[in-house]
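All values below come from the heavy atoms of this structure, side chains included, with hydrogens, waters and symmetry mates left out.
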Amino acid sequence: MTTTREISRSRIFGGQQLRFAHRSSVLDCAMTFGVYLPPQAEYEAVPALYWLSGLTCTDENFVVKAGAQRLASELGLAIVCPDTSPRGTDLPGEHDDWDFGSGAGFYINATEAPWSAHYNMYDYVTRELPALVEAKLPLTDKRSVSGHSMGGHGALICALKDPQRYLSASAFAPICHPSESPWGIKAFSHYLGDDRNAWREWDATQLVSSVGTQLPILIDQGTADEFLGEELKPGNFEQACIGTHHPLEVRMQGGYDHSYYFIASFIDDHLRYHARALGLVVVQPNSGLQANTG
């Protein structure tokens, strides 16, 4: 097993926020990742939510900004936060643009050189990292997956490509149809080449028609999101799910944008959603934010 080095450990809400470094074999580079262990993990193994972050992010953005640890500690839910791309590879052009290369791995397995040597983020987040943390930490093999923007796209394709691996899936403002999104077209053409038929297995809107097991999906999307029309296209995914009878709930949240303010506002809903699927005891709050579909 890959040697893993603990970078930091902080007490928070009775649990532990941990950060690790290790050498990834599927990415062929050094990587970091974060794990929140709730207090319950001190005496028993707990299930985990895998959170996939968006463009330009690292493993630390969600940890610092989302405010998820408070409720996760009550639920007994671990949260695993991988980085968003390989690091330290210094490929030609890798650091030139904010929406491609560094911080923009798109959670796919690249097939085009030079990216295919390192940019295998799908195998990393679905195979290598879960095997590592479940062997090293008090985690069960019960998993859920969620993410934001590019990470929302990642959560969708994880749920659609390997639904038996997860018990629930959700996303905040996901890139739902990357084959028709400027962000997605830029990334896919470099990572996967110009043959758009090869893009289908990494595009949630196209992938949903070939799914066997249908894992229910929850999506929250802000109506004031500046990327809603051109980049995200949740309506395309919703129509594809309707056409294939795939269980999906899309909640349009009035006035919310693409930021972590949006994520922090509704992360508790998603944590409870996943906790129920993972078999944890969930107590509903007496009051709080509710979905605004207006």
| field | Any P138 side-chain heavy atom under 4.5 Å of E44 side chain | value | no

| request: Could you tell me whether D268 and R70 have a side-chain N and a carboxylate O separated by less than 4.0 Å? | output: no

| For the side chain of W199 and the backbone of G193, is there at least one donor-acceptor N/O pair under 3.5 Å apart? | yes

| message | For a quick check under 3.5 Å, do T223 and Q253 share a side-chain donor-acceptor pair by atom type? | response | no

| remark: When R127, R143, R165 are each screened for salt bridge (charged side-chain N to carboxylate O under 4.0 Å, His left out) with E134, the one that passes is R143

| message | So that I know where these two stand, are Y256 and F266 an aromatic pair - ring centroids less than 6.0 Å apart? | response | yes

| said: I need the D59 CG to T84 OG1 distance, nearest 0.5 Å. | reply: 8.5 Å

| query | Stepwise, does the side-chain contact (heavy atoms from CB on, under 4.5 Å) test hold for Y36 with V63? | reply | CA-CA 8 Å; Y36 177 67; V63 170; over 6 Å; no

| query | Going through the checks in order, is the side chain to side chain donor-acceptor pair (under 3.5 Å) test met by S10 and Q16? | reply | CA-CA 6 Å; S10 298; Q16 298 279 355; over 6 Å; no

| said: Do L215 and Y273 sit in one hydrophobic cluster, given that two such residues count as connected whenever their side-chain heavy atoms are within less than 4.5 Å of each other, even indirectly? | reply: no

| query | Between the side chain of T205 and the main-chain N/O of C176, is any donor-acceptor distance below 3.5 Å? | reply | yes

| query | With distance as the sole test, does H246 use its side chain to make a donor-acceptor pair with the main-chain N or O of V208 at under 3.5 Å? | reply | no

| task | For D220 and A173, indicate whether the former's side chain and the latter's backbone hold a donor-acceptor pair under 3.5 Å. | result | no

| task | Give the minimum heavy-atom separation between A66 and I267, together with the two atoms involved. | result | O-CG2, 3.6 Å

| field | Proximity of Y107 and Y122 rings by center, below 6.0 Å | value | no

| side-chain contact (heavy atoms from CB on, under 4.5 Å) evaluation trace for D97 with K186 | CA-CA 11 Å; D97 299 313; K186 182 175 183 177; 3.2 Å; yes

| query | What closest approach, in Å, do P38 and A72 show between heavy atoms, and which atom pair accounts for it? | reply | CB-O, 3.7 Å

| Going by heavy atoms in the side chains, are L156 and I217 under 4.5 Å from each other? | yes

| query | Are I157 and L55 connected in the hydrophobic side-chain network, where two residues link if heavy atoms are under 4.5 Å apart? | reply | yes

| request: Test side-chain contact (heavy atoms from CB on, under 4.5 Å) on L280 and L77 and set out the steps. | output: CA-CA 8 Å; L280 299 173; L77 177 64; 4.1 Å; yes

| message | For a 4.5 angstrom cut-off between non-hydrogen side-chain atoms, does V211 reach T244? | response | no

| Is the gap between the ring centers of F172 and H258 under 6.0 Å? | no

| said: Using the rule given for salt bridge (Lys or Arg N to Asp or Glu O under 4.0 Å), can you reason through R251 versus E238, listing the C-alpha separation, both sets of side-chain angles and the distance that settles it, and then say yes or no? | reply: CA-CA 11 Å; R251 308 192 311 181; E238 188 169 19; over 6 Å; no

| message | Assess the residue pair D194 and S189 against the criterion (side chain to side chain donor-acceptor pair (under 3.5 Å)); give the C-alpha distance rounded to whole Å, side-chain angles, the decisive distance to 0.1 Å, and a yes or no. | response | CA-CA 5 Å; D194 293 329; S189 61; 5.2 Å; no

| Interatomic spacing from CG in L37 to CG in L139 - rounded to 0.5 Å | 6.0 Å

| query | Any side-chain heavy atom of L52 within less than 4.5 Å of one from V145? | reply | yes

| request: Using the side chain to side chain donor-acceptor pair (under 3.5 Å) rule, take E94 and T89 through it: C-alpha gap first, then chi angles, then the decisive distance, then the call. | output: CA-CA 8 Å; E94 185 179 23; T89 57; 2.7 Å; yes

| field | Closest non-hydrogen atom pair between A171 and S146, with its separation | value | N-OG, 4.0 Å

| request: Without swapping roles, check the side chain of D28 against the backbone of S25 for a donor-acceptor pair under 3.5 Å. | output: no

| said: As a quick check of understanding, evaluate side-chain contact (heavy atoms from CB on, under 4.5 Å) for L75 and Q40, giving each step before the final call. | reply: CA-CA 9 Å; L75 295 169; Q40 295 85 343; over 6 Å; no

| message | Main chain of V26, side chain of N120: is a donor-acceptor contact present, judged purely on distance under 3.5 Å? | response | yes

| query | Under the criterion side-chain hydrogen bond (donor to acceptor under 3.5 Å, both in side chains), which of R200, K233, Q206, R196 is the partner of S179? | reply | Q206

| request: Mind checking the CZ-NE2 spacing from R272 to H274? Nearest 0.5 Å is all I need. | output: 13.0 Å

| said: Any heavy-atom pair between the side chains of P163 and Q214 that's under 4.5 Å? | reply: no

| query | Given side chains that start at C-beta, do those of Y191 and M121 come closer than 4.5 Å, heavy atoms only? | reply | no

| request: Would you please indicate if the ring centroids of H190 and F100 are separated by under 6.0 Å? | output: yes

| field | Donor-acceptor contact below 3.5 Å, side chain Q69 vs main chain Q17 | value | no

| said: Grouping I, L, V, M, F, W and Y whenever their side-chain heavy atoms are under 4.5 Å apart, do Y166 and F33 come out in a common cluster? | reply: yes

| task | Kindly compute the distance separating CE (M31) from CG (L129), expressed to the nearest 0.5 Å. | result | 8.5 Å

| task | Identify the two heavy atoms, one from P114 and one from L91, that lie closest to each other, and give their separation to 0.1 Å. | result | O-CD1, 3.9 Å

| said: Salt bridge check, K65 against E60: does any charged N sit closer than 4.0 Å to a carboxylate O? | reply: no

| query | Which pairs with one or both residues in residues 69-98 pass ring-ring contact (aromatic ring centres under 6.0 Å, His included), sequence neighbours excluded? | reply | W98-W183

| said: Within the structure provided, determine whether H22 and T3 are in side-chain contact (heavy-atom separation under 4.5 Å). | reply: no

| Shortest non-hydrogen contact from S102 toward Y119 | N-OH, 3.6 Å

| message | Check for me, please, whether L271 and Y261 land in the same ILVMFWY cluster - side-chain distances under 4.5 Å, paths through other members count. | response | no

| request: Look at the side chain of S73 and the backbone N and O of G15, then say whether any donor-acceptor pair between them is shorter than 3.5 Å. | output: no

| Under a single-linkage definition using a 4.5 Å side-chain heavy-atom cutoff for Ile, Leu, Val, Met, Phe, Trp and Tyr, are V250 and L218 assigned to the same hydrophobic cluster? | no

| request: Start with the C-alpha gap between S170 and H270, add the side-chain angles, then the distance that decides, and say whether side chain to side chain donor-acceptor pair (under 3.5 Å) holds. | output: CA-CA 7 Å; S170 74; H270 286 242; 2.8 Å; yes

| remark: Separation between CG (L18) and OG1 (T4), nearest 0.5 Å, reads 12.0 Å

| Is there side-chain contact between W51 and H148, with heavy atoms separated by less than 4.5 Å? | yes

| field | Proximity of F237 and H177 rings by center, below 6.0 Å | value | no

| query | What distance do L167 atom CG and L49 atom CG have between them, rounded to the nearest 0.5 Å? | reply | 11.5 Å

| G151 backbone acceptor or donor facing S149 side chain under 3.5 Å | no

| E128 side chain to S24 side chain, donor-acceptor N/O pair below 3.5 angstrom | yes

| said: Checking the side chain of S85 only, and the main-chain atoms of G103 only, is there a donor and an acceptor separated by less than 3.5 Å? | reply: yes

